[in-house]
Every structure is written in C-alpha cells, then in structure tokens.
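Here's the structure we're looking at; comments come further down.
Chain letters run A, B, ... following the sequence lines, proteins first, then strands; residues in each count from 1.
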There are 2 protein chains.
Amino acid sequence: MGAITKNAEAPGERAYRRIRTDILFGRLLPGQKLKLDRLKQDYGVSVSTLREILNRLASERLVLAEGQRGFDVTTVSVEDLREIAALRELLEIHALTESFAAGDDEWEANVVAAHHKLSLMEERMKSGDHSDTETWKRYDWLFHQALISACGSSTLMETHGGVFDKYLRYQMLALSYRGDVAAREHKQLLACALKRDAAKACKILREHIHGGVEHALATGTIG
Amino acid sequence: MGAITKNAEAPGERAYRRIRTDILFGRLLPGQKLKLDRLKQDYGVSVSTLREILNRLASERLVLAEGQRGFDVTTVSVEDLREIAALRELLEIHALTESFAAGDDEWEANVVAAHHKLSLMEERMKSGDHSDTETWKRYDWLFHQALISACGSSTLMETHGGVFDKYLRYQMLALSYRGDVAAREHKQLLACALKRDAAKACKILREHIHGGVEHALATGTIG
DNA sequence: TTATATGATAAAATCAATTTTACCTATTGA
DNA sequence: TCAATAGGTAAAATTGATTTTATCATATAA
C-alpha cells in the first residue's frame with residue numbers, strides 16, 4: 001500500500017511487497033516467528049536479501065527485530081490500536097483541512113475518480129462478493145490519499161501512509177465486514193470535498209476512524 | 001538519537017548508529033553517493049551488513065535507495081525543511097498538550113532532571129565551548145522527549161522522534177549557533193511544564209521551531 | 001532439590017564470492 | 001555531425017558458505 005517503491009521488477013522488491021502485504025492482510029500473524037530458512041523457501045530469495053527486507057519492515061514497525069534472536073511479526077494490542085487510530089486521526093484531520101483549502105480542479109477530479117473506483121468495489125462487496133479484499137482496501141487507501149493529496153506536504157502524506165497501513169492491519173485482523181457503514185461515510189466525505197466543507201469532513205472522518213476501532217474491538221480478535 | 005535500538009554491541013548495530021549520526025551531523029553530506037566498497041572500509045563491516053543498514057536508513061528516509069543504482073544520502077531542500085518543521089510542530093504540540101494534562105510527579109522530576117543536564121551544557125556552549133555538539137543535541141532531544149513523555153502514546157513519541165532527527169539534521173547543516181535563544185526558550189518551556197500551562201508552552205514551542213527554521217534558512221546553506 | 005555449569009544443536013549474523021545491472025566510451029552508419 | 005549501438009568496466013544485487021550467538025538438555029555441585 002504505502003510501501004516505499006524501488007524497482008518493482010527486482011526479486012528483492014517483489015518479496016518485500018509480498019511479505020509486507022502478507023503481514024498487513026494477516027497471512028503472517030502477529031507474534032509469529034519469522035525463521036529465515038522457512039521464509040527463504042516461501043518467498044524464493046536468499047537469506048541476505050531476506051534480511052534486507054526484514055530490516056526495512058522492522059524500521060516500519062511491522063516486524064520486531066530483537067537482539068540476535070531474529071525476527072517476529074509485530075504483536076497487536078488494544079492499546080496499540082488506539083494509539084495508531086489517534087495518530088491517524090491527528091495526521092489525516094490536519095492534512096484534510098489543508099487539502100480542502102488548497103485543492104484545485106485537478107484535485108477535485110482525482111477525488112471523484114478515486115471515489116468512483118472505490119464505490120464500484122463497495123457495491124460489489126455489498127452484494128456479497130468478498131473475493132478481492134486486497135483491491136478493495138487499496139482503493140480505500142487511494143481514496144483517503146486523494147482527499148489529502150493537496151495538503152502540500154509529501155512528508156505528511158508518507159507519514160500518514162505508514163500509520164494508515166498499521167490501522168489497516170487491525171481492520172484485516174478483525175476480519176468482520178463493515179463495508180456498508182464505511183461506504184456511506186466515504187460518500188459523505190466526497191460530498192464534503194466538493195463543497196470544501198472541511199469542518200464537516202473532519203467530523204465524519206473522526207467517526208469513520210472511531211467506528212472502525214470500536215468495530216474491530218467488538219470482534220474480540222485483537223486483545 | 002531516536003534510532004531503533006537492538007543489540008548495541010553487535011558490529012552491525014554499531015555501524016548503523018555511526019552511519020546514522022554521521023548523516024544527522026553532516027559528516028555524510030546530502031546527496032552524497034554511498035559506495036559500498038568505500039563504506040565497507042570506513043565502517044568495518046561487510047557489504048551484506050552494510051546493505052541491511054542502508055535499507056533501514058532508506059526506510060527512515062535518511063538515505064535514498066533508487067532502482068539498482070545503490071544508495072545516496074537524502075538531499076535537503078527549503079521545502080522539505082518547512083514540511084519537517086510543520087510536522088514536528090503538529091506532533092509535538094499535540095503530545096505536549098496531552099502530556100501536560102496527564103503528567104504526574106515522576107514526570108515532573110524527569111523534566112526537571114532533563115532540563116538540568118541540558119542547561120549545564122547550554123552554559124558551557126554560551127561560554128564558547130563548542131567541542132561536544134553531539135552531546136548537547138542529545139540533551140536537547142532528551143529534554144523535548146521528557147516534556148512529551150506523559151502523552152500516553154509510544155507510537156506518537158516514536159513518530160515524533162523520527163521527525164525530530166530530520167529536523168536536527170537541518171540544524172546541524174546550517175551549523176550556525178543559536179544556543180542562547182534556544183536556551184531561553186527551554187527555560188520557559190520548563191516553567192510552563194511546572195505550571196502545567198499547555199497553551200503558553202505551545203506558543204513558545206511554535207516560536208522555538210519557527211525560529212530554528214528561519215535561522216537555518218538565513219545561513220543560506222540549505223537551498 | 002535447586003542452582004550453576006557444560007556441551008550439543010539450531011538459528012541468526014556476518015562474510016566472501018558470483019551474478020546481474022547500469023554506465024561510460026568508442027565505433028559505425030546515416 | 002549526430003544518433004544509435006555494441007563492448008567493456010565498475011558497482012550493485014543476489015547468492016551460498018562461514019562464523020557467531022542463543023537456546024535447550026543434561027550433568028554436576030551446593
């Protein structure tokens with residue numbers, strides 16, 4: 001999602017993206033030991049390349065690298081989810097406000113386009129087709145990125161991206177569907193964007209994030 | 001400074017800290033090519049270990065890793081400095097407010113202690129002894145960390161730490177002394193902390209950061 | 001029995017060697 | 001003269017091999 005992009009063709013880069021999404025989408029579980037020999041087979045790269053990848057992920061806090069004891073997938077907790085959500089809120093609210101104030105026609109068009117793609121996916125989800133959750137979540141991410149894309153700070157957007165991804169992991173671990181509520185909120189955010197109503201957008205975004213947190217916690221799969 | 005700590009004795013970890021501080025303190029200059037063979041000699045580790053380190057630093061945005069063309073020290077720009085400063089402000093103001101509201105006696109004692117160490121250093125700097133800038137800046141960092149340490153979110157503190165370090169690099173690149181003004185502001189921040197006057201502390205912090213930015217830009221060594 | 005030490009094993013960290021990729025130069029053809 | 005391309009070189013990326021470290025089981029002493 002918000003991963004740092006180098007050469008997409010390179011084997012190391014491919015493996016990095018695969019491992020990263022596997023963590024984000026819960027195919028590699030929190031706390032799981034990441035043994036090098038095993039991963040080497042699973043992802044088809046050598047130990048050195050693997051270690052480069054795991055060091056990057058450790059730097060992103062998606063993996064824990066302790067002492068000389070190798071690597072684990074970062075654990076989850078209620079406390080951490082609340083911190084992640086609060087930080088996402090702080091960053092996204094701020095960026096949203098700036099973006100609404102500065103966005104031009106080009107920005108508006110991108111927002112509309114991003115919402116359209118997301119909306120199509122959300123319709124499909126609504127009618128029971130949960131086959132491509134990854135694409136759905138990528139579109140979700142792209143819509144939120146589009147909203148804040150006129151904030152004027154790539155540093156802010158990258159930082160937000162990293163936090164957003166960790167938030168996403170919690171949503172995926174809770175793995176219970178909340179698409180209908182989210183879809184409505186997305187529509188409301190779009191409407192606010194077109195009216196440049198930052199205050200209302202912030203209010204909806206706050207509810208959007210808090211709703212996600214409480215929904216995730218209610219499933220009881222986190223703590 | 002805010003680097004991720006693993007085993008401090010390990011050769012790879014030692015080299016990581018050295019390279020990181022060399023970037024932060026301008027001994028490795030912005031845009032500089034980081035050739036593996038050269039670094040191997042300079043830091044006494046093998047190419048694989050070196051690549052792990054550079055991948056971590058690339059993930060922190062202190063190093064640029066593009067395509068299959070190796071590694072460069074991240075470049076600097078006026079725009080980037082402004083973004084970094086704005087993000088530091090957003091995070092630190094928020095954390096400060098929370099911390100002032102929640103801090104207990106233990107927290108106050110830590111703040112006083114951190115300021116005392118910094119203050120001693122600042123006196124030394126004032127009287128012309130600029131021999132240990134690194135320790136000075138580490139104490140600066142520790143004081144600001146102490147102020148926000150009761151904010152209740154380690155995620156927020158770590159994110160802030162990363163941004164703070166990039167801000168620090170700009171200060172070091174400008175390499176012109178501003179210790180007297182900063183020292184006065186630090187004293188004011190301490191007084192605010194003891195009175196729990198978050199509003200005034202935020203105001204001073206804003207000036208503290210903006211002052212640093214304008215001072216750095218005035219030297220003409222950034223753009 | 002408990003604590004400490006010793007040795008074996010498995011895994012991680014580091015190193016050295018190979019393969020691949022990019023970059024520069026020179027040469028050829030338009 | 002310029003563009004395009006092929007060849008050679010230097011550096012990066014990846015691999016496989018070696019060294020180091022941690023962990024677990026067993027034995028020995030308090």
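Between the CZ atom of A/Arg14 and the C1' atom of D/dT14 there is a distance of 16 Å, given to the nearest Å. C/dC15 atom P lies 14 Å from atom CD of B/Gln41, rounded to whole Å. Distance, B/Phe71 CZ to C/dA22 C1': 15 Å, rounded to whole Å. For the pair B/Lys40 NZ and C/dC15 P, the computed distance is 10 Å after rounding to whole Å. A straight line from CZ of B/Arg51 to C1' of C/dA17 spans 15 Å, rounded to a whole angstrom. Rounded to a whole Å, the NZ atom of A/Lys35 is 12 Å from the P atom of D/dT23. One interatomic measurement links the two molecules: CG of B/Leu36 to P of D/dA13, which rounds to 7 Å at whole-angstrom precision. When rounded to the nearest whole Å, the span between CG of B/Leu50 and P of C/dT14 equals 12 Å.
A close approach under 4.0 Å does occur between a side-chain nitrogen or oxygen of B/Lys33 and OP1 or OP2 of D/dA12. Here B/Ser48 does not reach the OP1 or OP2 of C/dA13: none of its side-chain N or O atoms lies under 4.0 Å away. The shortest distance between the side-chain N/O atoms of A/Arg69 and the OP1/OP2 oxygens of D/dT21 is not below 4.0 Å.
B/Ser77 and B/Asp80 form no side-chain donor-acceptor contact under 3.5 Å, judged by distance and modelled atom types alone.
Here the two rings, on B/His144 and B/His160, have centers that are 6.0 Å apart or farther. Between A/Phe100 and A/Trp107, the ring centre distance stays below 6.0 Å.
Residues forming a ring-ring contact (aromatic ring centres under 6.0 Å, His included) with B/Tyr139 (at least two apart in sequence, or on another chain): none.
Of all nucleotides listed (D/dA12, C/dA22, D/dT14), D/dT14 comes nearest to the side chain of A/Glu52. The side chain of B/Gln68 lies closest to C/dT21, out of D/dT15, C/dA12, C/dT21. When distances are taken from the side chain of B/Val47 to each of C/dT14, D/dA22, C/dA17, the shortest belongs to C/dA17. Nearest to the side chain of A/Pro11, among D/dA12, D/dT14, C/dA13, sits D/dT14.
Remark on DNA chain D: of its neighbouring residues B/Gly70 and A/Thr49, the 5'-side contact belongs to B/Gly70, judged by nearest-heavy-atom nucleotide.
Few gaps surround CG on B/Asp104; more than 12 heavy atoms of other groups in view lie less than 6.0 Å from it.
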